[in-house]
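What follows is a short report on a single structure.
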Amino acid sequence: MPGGRKWKKLDAVERAEVIDGHRLAYVAEAPVNWCPGLGTVVANEEVTTDGRSDRGNFPVFQRDMRQWMMRITAYADRLIDDLDLLEWPESIKTMQRNWIGRSVGSRVFFETPAGEIEVFTTRADTFFGATFVVLAPEHPMVAALTTGPQAPGVVEYKREAASRKDTERTDETQAKSGVFTGSYALNPFTGKEIPIWVADYVLMGYGTGAITGVPCGDQRDFEFARNYGLDIVPIQQPPDEWFGARRTRPTLDTERWPEAFVGDAPYVNSNGRSLQLDGIATVAEGIAATNEWLEASGRGEATVTYRLRDWLFSRQRYWGEPFPIVFDADGVAHAVPDDMLPIELPETDQFSPRTFDPDDADSDPESPLDRLTDWVTVRLDIGDGKQEYRRETNVMPQWAGSCWYQLRYCDPDNDEAFIDPEVERFWVGPQITAHPDHPGGVDLYVGGVEHGVLHLLYARFWHKVLYDLGYLSSKEPYYRLYNQGYILAAAYMDARGMYVDAASVQRDGDGFTYDGSPVEREFGKMGKSLKNAVSPEEMYERYGADTLRLHLMATGPLDASRPWETRDVIGMYRFLQRLWRNVVDEDTGTSSVTDDPATEATRTQLHRTIAAVRDGYEHLRVNVAIAKLVELNNHLTKLGATPREVAEPFVLMVAPVVPHIAEELWRILGHDDTLTHEPFPVADADFLVDDVIELPVQVNGKVRARITVAADADDETVTSAALADEKVMATIDGATPRKVIVVPGRMVNVVV
RNA sequence: GCCCCGGUAGCCCAAUUGGCAGAGGCAACGGCCUCAAAAUCCGUACGGUGUGGGUUCGAGUCCCACCCGGGGCACCA
C-alpha cells in the first residue's frame, strides 16, 4: 500500500492504482519502443536485433510513455515449462526459451551513499571477488551517485551511450568502456568499499541494470578491470589443466591470468565473518551456501529473472480492436460492462496514424481515434449513474485477434460465449488417451518460423489466461506445429546497394542488368522489401488456384525453402489437364470413364499409389504423394480409356491438393453430393506384394547380374540361385565365396 | 563467435532410413500430327551424390574434419 496506509484510507484513484499493479492488463509509464516512421509504438518482439521495426524497417527509439501492457512475465515459467508438452520444432522451442531467458540467480543489496543498489547475479558464490559495481548508463541512481569532480565525465559518457546505436553498443569486439562515478558501495561479504562505475556493457533492460564486477570469474568484468586497472582478486584455485591449456603456470597471481576462470574449483579468499566458502569445490554448493546466508542476513535472496518483458499492448492506429475501457473524470480506467459490448470502431475516412520523419525521436504519437472527438467523449451509465467518460483511443495490436481466432472458428455463431466449453473440449481438448500429459490445442498448425516469438508466444500466453479463468480445458493453443519453408526468389541489388524491381531485370551473358546497369543477384524470401514478389493473382489468372496450390505442394518438401520459378508451374497445369482428359470427354464435357474392369496391372498400380499417397499425406510428404499421383495419371493416359474403379479413388486422392477440380470431376462422374465426406481410398494389401521378384546380385559390392526368385524364397534358395547364375560364376571365376549376404527382398552380395 | 537446417542431373526434387543412385516436374533434344507453328501424344539423353578421410561385404544415408548456402542468437550478469 502506498505509504503503508490501510486500504480503507486510500481514495478511489489510489485503490485503482493498487489493483492495476496486479492486473494482467495494466497501464504503465514504461520504456516503450516508439517508431516515428510508423506513427505507433511497437512491442519488444516487433523490434529487430538492429533496433528497427519488423514491419517497414524503420528506426525504433526507447522512451517512456503511458501505455497498456499485458503482464506476460507472470506466465514466464509456464511458457517455458509447457514447451516440453508440445510437438514443435526444436528450433522454435529454443527461440522461445531464449526469448523468455529464464535465469536462476540471486539478488543482493549493496549499501551506497545514495541508498541501496540492487544487483542480480547467477554466481552468488563469487561475491568475495567483487571488486567494483557497474551500473547501466540509464540506471536511475547514476546521477545521485555521481560526485562533483566526476560529473562532467559521467554526463558525457551517458550522452555518448545514448547516441550509440544498439548494434554498436552490443558489439562484443569493442573494448569495454566506462566511467567512475566517484562513489563507493559496501561489499557486504568482505566489508570493503568498492568503486561504482557506469559502463554500457551493462544493460538496463536485463536484471536490475546493475551488476557486481567479479573480474576473476567473469570474462566481461575481467576485460573491464584490465582496461581500468581495477583489482582482480582470485576466489577460486583453477585446476592445473586450466592453466596448462592456456600455457601458463598455475598461480593465484591474477596479473598472470590470461582470462577469467569460469567453472568448478576450490574457493580461496572466500571466508567472511559468518559465511565461509573456502573448502567448498563446486559452484552449485557455493551458490547454495551463499543464498542461505543472504536470506538469513537479509542482504538478499535467491530469485529468478527473465529477459522477457511485459507485452506492450496498445497501438496508435485505426485498424485494431478498440479497448473496452473508458476513463472517468479522475482518469481512472473502467471496464465497459458486457451489455455495452462490443465497442465498435467509429466511422471515419482518416485511417492513418500521423507518421513522422523516421528519425524524429522526439515526436509524439497521434492515433486516428484521438481526432474523432465526438466518439472519444461519451455519456454512459456503467454503474455509477450517467456520467461523462473519455474513451481509450489506443487499439490492440494485430496479434490480439490471432491469439484466439482458432477457438472462435470452432464455434463461430455462438452469441453467448466465445466458445462453448463442450465444443472446446471436442475440438481442442487434451487428448489424454493418447498422452497423459497432452495439453490440448489444435492437432496441427502449419505456420512460418517468423512467428516464433511473436504470434506463437502471445497466443500461448492468452490461451493460458483463458484456461486459468476457467473458459478452456486446453492449456496450449497449438499441439503440433510445423514450419513450412519460405518461397525464395531472385532479388537484385544495384551498385548503390538498393534493391531493384526483379521483374524488370534482364539477363546479360553471365550477369544481370537493370535499366542498362549491372546488378548483383541473390536469393531471399519473396516479398516487398526485396522487390522480388510474384503476385498470386497473376498465377490464378494464368493457371487457376488449384494449379498454383498443387505446384507449391509438389516442388519440394513442405518444410524446405526453395526458389520460385514461374516457368515450372506449367508442369502441374499439364498434369491437371491430362487428368481432366482422362476422365472427361473434351467434346461433350461428360464422363468418358469406362465401367469395364481394370486390368491386373492397372489395379496393382492403383493400390500401390493409394498406399504411397496415404503415407505421403500422413507424414506431410505431399510432394512425394503428388509424384505418385502423376505416375498413375501417366499410366492412365496410355490406357486410352480410364476404368471407373480407378477414376473415382483417383479423384478422391487428388482432392486435398486440388479441391475445386476434384469436386467438379466428382460431379461429372455422376455424384450429386460433395466428395468432402467420402472416405479416403484404402489400398488392398493383395496388390502390394509381388509373387516373383528380381534381385540384383553383387560380387564384392558391384552389381554383376540379376536373378528372378519367388518373393518368399528363403536365403538358401536365393544363395544357390545367385551362385548358379552364369555371369556370377564368370565373375568369381571358380573362387570360393567367403561369404554370401542376402538382404531379403533387396539384393544378394557375394564376397570372394 | 555460438546454435540449428541444407548441398543428389542444367534447375526444383525422390531414393523403402546401410542394400540396384532416379519416382515426379521444368528445361533440352528427337519423332507423330500440321502448309507451318503452338498445344497434345510418343520417345531420348544427361550425373555418381559439396571436398577429404574413416567404419562396412556394401555409404547419398553412419562417424571425423573442412568448404559453400539459408535461418536464428549474439556483452543476458
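Sequence lines set the chain letters: A, B, ... in the order given, protein chains first and strands last, and positions in each chain run from 1.
At the heavy-atom level, Q698(A) lies under 4.0 Å from base atoms of the strands shown. At the heavy-atom level, V743(A) lies under 4.0 Å from base atoms of the strands shown. Counting non-hydrogen atoms under 4.0 angstrom, I570(A) reaches the backbone sugars and phosphates but no base. R578(A) comes within 4.0 angstrom of sugar-phosphate atoms only, judged by non-hydrogen atoms across all strands, and of no base. Across all strands, P557(A) comes closer than 4.0 Å only to sugar-phosphate atoms, never to a base (heavy-atom distances). Among the atoms of the strands shown, only primed sugar atoms or phosphate atoms (P, OP1, OP2) are found under 4.0 Å from some heavy atom of R621(A).
D559(A) places its CG atom 16 Å from the P atom of C12(B), with the value rounded to the nearest Å. Distance OH (Y573(A)) to P (A27(B)): 14 Å, rounded to an integer number of Å. The distance between atom CZ of R738(A) and atom P of U56(B), rounded to the nearest whole Å, is 12 Å. One atom, CG of L552(A), and another, P of C13(B), lie 13 Å apart when rounded to the nearest Å. Rounded to whole Å, atom C1' of C57(B) lies 9 Å from atom CE of M747(A).
In summary, the side chains of S177(A) and Y201(A) do not present any donor paired with an acceptor at a separation below 3.5 Å, with no hydrogens or angles considered. Using a 3.5 Å distance cut-off with no hydrogens or angles, the side chains of Q62(A) and N33(A) do pair a donor with an acceptor. Using modelled atom types and a 3.5 Å distance limit, the side chains of R578(A) and N634(A) yield a donor-acceptor pair. D125(A) and T290(A) form no side-chain donor-acceptor contact under 3.5 Å, judged by distance and modelled atom types alone. E450(A) and Y486(A) form a side-chain donor-acceptor contact under 3.5 Å, judged by distance and modelled atom types alone. Side-chain atoms of R52(A) and N57(A) form a donor-acceptor pair, as typed in the model, at a separation below 3.5 Å.
Nucleotide U61(B) is matched to nothing when pairs are restricted to Watson-Crick or G-U wobble geometry with both distances under 3.5 angstrom.
If you check distances only, the side chain of N749(A) does reach the base of C57(B) with a donor-acceptor pair under 3.5 Å.
C57(B) and G10(B) have their P atoms separated by 34 Å, given to the nearest Å.
A salt bridge between R107(A) and E301(A) is present, with a side-chain N of the basic residue lying under 4.0 Å from a carboxylate O of the acidic one.
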Query raised in the report: Can you give one letter per nucleotide of nucleotides 2-9 of chain B, 5' to 3': B if a protein heavy atom sits under 4.0 Å from the base, S if only from the sugar-phosphate, - if neither?
Result: --------
